[in-house]
Amino acid sequence: MSPKTGTNVDQKPSHGSQIFYAVAGTAVTPLISLATAPILAQTLGVEGRGTLAAGMAPMLFAVAVGALGMPEALTFYVARQARGARRAVRRAFGILTLLGAVAAVVVVLSAPILSDGNTEVEQLIMLTAILTIPTFWASIPNSVLAGTHAWKRSALMDFALSALRLILLSALAMSGLLVPLTATVVMLGIPLLKGLLSVPYLIEYRRGSWNATAKRVRLFSYGSRLWVGSLAGVVLLRLDQLLMIPLAGPAQLGLYAVAVSLGEIPAVLAGAVRNVVFSSDAGSSHDREDTSRLQQTARLTSAAAGLTSIGIGILLPWAIPVLFGATFGSAVAVTWVILAGVTLGTPGSVAGAGLSARGRPGLRSWGMVIGAVANTVILIITVPVLGAMGAALSTLAGNVVAGTMNVVWLRTHFGMGIRGFYGLRSQDFQLVLKTLVKMTGKKNVNAVSN
């Protein structure tokens, strides 16, 4: 969709097509990671893989926390076609530049502490600090793409860049140049290219025109309410890898990094759907139809995540030793626990997007805080004893608690039934069947026309 036609309802993609392209684009990175992960694991080994994860973790943590919810706030107001949304893009650039500089300093200062005396890890952390500000900048065009529902364009760029990452890592491995340093440059540098490729679209968006709503842009007001939840979410996703070296050493982090790369594949589906729900519901009227659609989306997404988890789980005892090497065999059980946590937390993940889209990001934030507290307590207690398995158990607990709280908030503040987010209904199967028939019919029609 062209950014100049943001108010043309007829040209807006359907909810289903938005989810399809969002899932397709978001799924590309982890699916190609199924090819890159063995390359990294077999070339770097358990210790080297842990060193790579430890080197990137502080920067990724700082980026997720330090943005103060600005990218999400920009997406929210762009989707709502708020008055001043176009000017807010330039303001967001200035804000994120300052926040990125602060985050870079924090990353540098954390290096001696989080590296735990490991010189190689400390050097990698210092290197990633250089990429902090550009990573903040790249979030701006990504926010505009999401706010204008340009999921197809985003999916095509994700595919091309993920393929480029695979090619570069493969070439480095075959030439004997793949070490934690070069892997870090590729892993963190490639995502920046998406922001660069999106600049023409961003310029076109700022030059366009539409009938703005009366909603005014308050980036800090919305972002600050969302930031608390973002901080807690980062604790759920990043704290384990940030603390693994001080608590358990690089070998356990190497095992956990491999488990996460496989175990969070179903989370890609939930994340893509969550982004579409947030962008789509932000501009809706939130009537009964929107409520039913939100609950049905949560149920179907959970079912898809569950089936994906089962399929991956069955293959793990064979796949990990063959693809990653026998030294990573202990990651099988750890991956099973992560898969369970992702599946059980999926309904709440979609529900959280519904809360934010309804202007209540603070409620979602409190749910994330409660989940993060549970995660942190279990992490600190179990990792020194159980290593990677302890980190997986803490993630499982945090996901379930945070997700459940989102569903509870929707029940208490918007009257949505809790049971509506779980299980499957006859209408769910009917919708899936109808979609499959529609897709099959389109293929048949195209085949005949050709």
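Quick note: numbers below take in every heavy atom, side chains included, and nothing from hydrogens, waters or symmetry partners.
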pair [X]-[Y]: side-chain heavy atoms closer than 4.5 Å:
{"X": "Leu433", "Y": "Phe429", "result": "no"}
{"X": "Gln252", "Y": "Leu247", "result": "no"}
{"X": "Leu40", "Y": "Phe324", "result": "no"}
{"X": "Phe61", "Y": "Val107", "result": "no"}
{"X": "Phe421", "Y": "Leu410", "result": "yes"}
{"X": "Thr43", "Y": "Leu172", "result": "no"}
{"X": "Glu72", "Y": "Ser143", "result": "no"}
{"X": "Ser115", "Y": "Ile245", "result": "no"}

Enter the distance from [X]:[atom1] to [Y]:[atom2] here, rounded to the nearest 0.5 Å.
{"X": "Leu344", "Y": "Ser349", "atom1": "CG", "atom2": "OG", "result": "13.0 Å"}
{"X": "Thr404", "Y": "Ile370", "atom1": "OG1", "atom2": "CD1", "result": "10.5 Å"}
{"X": "Leu253", "Y": "Leu52", "atom1": "CG", "atom2": "CG", "result": "9.0 Å"}
{"X": "Leu196", "Y": "Met157", "atom1": "CG", "atom2": "CE", "result": "10.5 Å"}
{"X": "Leu355", "Y": "Leu294", "atom1": "CG", "atom2": "CG", "result": "8.5 Å"}
{"X": "Ile380", "Y": "Leu243", "atom1": "CD1", "atom2": "CG", "result": "7.0 Å"}

Could you check whether any side-chain N or O of [X] sits under 3.5 Å from a backbone N or O of [Y], counting only pairs where one atom can act as donor and the other as acceptor?
{"X": "Asn375", "Y": "Gly398", "value": "no"}
{"X": "Trp137", "Y": "Gly195", "value": "no"}
{"X": "Thr412", "Y": "Trp409", "value": "yes"}
{"X": "Asp116", "Y": "Pro246", "value": "no"}
{"X": "Thr182", "Y": "Leu177", "value": "yes"}

Only one of Gln295, Gln296, Arg299 clears side chain to side chain contact (heavy atoms under 4.5 Å, CB included) with Arg425; which?
Arg299

Run through Thr128, Thr132, Ile130 and flag the one making a side chain to side chain contact (heavy atoms under 4.5 Å, CB included) with Leu188.
Thr128

Evaluate the criterion side-chain contact (heavy atoms from CB on, under 4.5 Å) for residue pair Ser170 and Leu166; output intermediate values, then yes/no.
CA-CA 6 Å; Ser170 301; Leu166 174 60; 3.8 Å; yes

Side chains of Thr395 and Tyr256: do they bring a donor and an acceptor to under 3.5 Å?
yes

Is it the case that Thr346 and Thr301 place a side-chain donor and acceptor less than 3.5 Å from each other?
no

Quick check: closest heavy atoms across [X] and [Y], and the distance to 0.1 Å?
{"X": "Pro58", "Y": "Leu114", "answer": "CG-CD1, 3.7 Å"}
{"X": "Ile338", "Y": "Ala392", "answer": "CG1-CB, 3.9 Å"}
{"X": "Lys194", "Y": "Leu145", "answer": "CE-CD1, 4.2 Å"}
{"X": "Leu96", "Y": "Ser139", "answer": "CD1-OG, 3.5 Å"}
{"X": "Phe136", "Y": "Ala62", "answer": "CZ-O, 4.1 Å"}
{"X": "Ala305", "Y": "Thr343", "answer": "O-OG1, 3.8 Å"}

Just do the side-chain contact (heavy atoms from CB on, under 4.5 Å) check on Val334 and Leu255 with the steps written out, would you?
CA-CA 8 Å; Val334 178; Leu255 292 172; 6.0 Å; no

Audit row: Val369, Met405, side-chain contact (heavy atoms from CB on, under 4.5 Å) steps and yes/no
CA-CA 10 Å; Val369 167; Met405 292 306 303; over 6 Å; no

Test side-chain contact (heavy atoms from CB on, under 4.5 Å) applied to Leu124 and Met56, step by step:
CA-CA 7 Å; Leu124 288 178; Met56 295 191 300; over 6 Å; no

